[in-house]
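Worksheet: the structure to be examined is printed underneath.
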There are 2 protein chains.
Amino acid sequence: MTEKRGPYRRTAERRREILDAAAAVFAESGYRAGSLKDIAARVSLDPSSLLHHFGSKRALLEAVLADKIDRDATALHWDDRVPPEQYPAALLRLAERNAGNPGGIGLYSVLAAESITTEHPDSFRDRHAQTREAFTEGFAAMADAGLLREGVDPASAAASLFALWDGAQTHWLIDPDAVDVVALLRAHLRLLTTVSL
Amino acid sequence: MTEKRGPYRRTAERRREILDAAAAVFAESGYRAGSLKDIAARVSLDPSSLLHHFGSKRALLEAVLADKIDRDATALHWDDRVPPEQYPAALLRLAERNAGNPGGIGLYSVLAAESITTEHPDSFRDRHAQTREAFTEGFAAMADAGLLREGVDPASAAASLFALWDGAQTHWLIDPDAVDVVALLRAHLRLLTTVSL
DNA sequence: GTCTATATGGAGATAGAC
DNA sequence: GTCTATCTCCATATAGAC
């Protein structure tokens, strides 16, 4: 579908640039406060040119979300090749990578909170459902291997890990010195599972 | 300081009314999108009258936060009269009360996320520090009574409970059917402590 | 595809009458 | 204390030239 060359190539690149800029601005300023002007400035365009590509600010947001959900899904999805006993460690590595990347973290904390209030894009529920499901698969594999603690079931382990992760990220953004996201996740995974971390 | 009667009595009441309305609107719509017009409409006033009382929208937000932090502090603060073994149950009761009161929940999820991006009011760091401290005191009392699980320390238990709570509330707001805040907290408290719940 | 110019709307804030 | 009227600013979006 997407041409590698030809007349649409530059356009596709432009859209990519705009998506990235928009994600960054929305992450920093939220949806409402993040203006087309800000986004346009980052890609050295006029706001009206953004609208030429995406039609409306709302549509741009949806495109950003769809794009991010896509990427996150592949990043989080349970990989059968990872042995269950290494799943917790893999999660922690992912958390460590995120920790060095505040911009990426911010997008969801900010937009999620805003989406609660505004018109809820289904995208959000979808993303959350996908993430929970990905975690559930991982914990289910651990359960099969007998690596979960007594009384811990995969679905609720997944929900609590996800909630703790998001909550800790948000708290970290508010007060970086007071919260250690990776440490909290490690402690939580120690309680949920019997693997040593 | 505050008069029970006299010329300032009605004014104090008005300020209360406005604070409550502002808290509700900010919780629903966020700070930026929550307009003075919306708030004014709830108390049947003109936006300019709000500004007469609080000077600016920003000042109104600060007043709302100060008020809420005040109330929350008293609600969450560790009460010496509660025996440590009943602390987890007391937390769950508080969570249950909050669960029936989405408006109250929303204020912080929304504003916290927004504050990350915007100018950070110190109020937020303060509120978080206070809350973490309150939880830490509760868990410390439990630790003294030997009710925490092996390897769980009060400070990190407090941080993880707080993060999980906020995260779960946010997730619940996004998809109420998919998340049970109280159940997640109960499961978490079971892992942190040795009391039965 | 990108720009300039413009339409339109809503926000927060101020001045001043009552 | 509350209102009306007004100011100023900045947003999204559109029209049309290049």
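Letters A, B, ... are given to chains in the order of the sequence lines, protein chains preceding strands, and every chain is numbered from 1.
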Mind calculating the distance between CG (B:D38) and C1' (C:dG12) to the nearest angstrom? 13 Å
Just jot down the ring-ring contact (aromatic ring centres under 6.0 Å, His included) partners of A:F54, sequence neighbours excluded, or say none. none
Those residues that, when tested against B:D20, pass side-chain hydrogen bond (donor to acceptor under 3.5 Å, both in side chains) (two or more places apart): B:R16
Give me, pair by pair, the N or O atoms of the protein and of nucleotides 6-9 of chain C that are less than 3.5 Å apart, along with how far apart they are.
none

In whole angstroms, the gap separating P of D:dA13 from NZ of A:K37 amounts to 16 Å
Between C:dG12 (P) and B:L61 (CG): distance, integer Å: 12 Å
Rounded to whole Å, CD of A:E13 lies from P of C:dT2 at a distance of 11 Å
Partner set under side chain to side chain contact (heavy atoms under 4.5 Å, CB included) for A:A140, not counting sequence neighbours: A:P154
For nucleotides 13-15 of chain C, which of its nitrogen or oxygen atoms have a protein nitrogen or oxygen under 3.5 Å away, and what is each distance?
| residue | atom | partner | partner atom | Å |
| --- | --- | --- | --- | --- |
| C:dA13 | OP2 | B:K57 | N | 2.8 |

What residue pairs, at least two apart or across chains, pass ring pair (Phe, Tyr, Trp, His ring centres under 6.0 Å) with a residue in residues 176-197 of chain A? A:H188-B:H188
A:Y87: which residues meet the ring-ring contact (aromatic ring centres under 6.0 Å, His included) condition with it, sequence neighbours left out? A:W78, A:F139
Length of the line joining B:R16:CZ and D:dG1:P, which is rounded to integer Å: 17 Å
Quick one: list whatever passes ring-ring contact (aromatic ring centres under 6.0 Å, His included) with A:H128, sequence neighbours left out. A:F162, B:H171
Within this structure, what is the CD-to-C1' distance between A:E17 and C:dG1, rounded to whole angstrom? 13 Å
When rounded to whole Å, the CG to P distance for the pair B:L45 and D:dT4 reads 11 Å
Given atom CD1 of B:I39 and atom C1' of C:dG10, what is their separation to the nearest angstrom? 15 Å
What closest approach, in Å, do B:V82 and B:Q86 show between heavy atoms, and which atom pair accounts for it? CG1-CB, 4.0 Å
Filter on salt bridge (Lys or Arg N to Asp or Glu O under 4.0 Å), then keep only pairs touching residues 37-52 of chain B, sequence neighbours left out; what's left? B:E28-B:R42
Salt bridge check, B:R93 against B:E96: does any charged N sit closer than 4.0 Å to a carboxylate O? no
Counting only side-chain N and O atoms of A:H52, is one of them less than 4.0 Å from OP1 or OP2 of D:dA13? no
Just compare C:dC3, D:dT2, C:dG12 and give me whichever is closest to any side-chain atom of B:R14. D:dT2
Check every strand shown and say whether A:S49 touches a base, only sugar-phosphate, or nothing at a heavy-atom separation below 4.0 Å. base
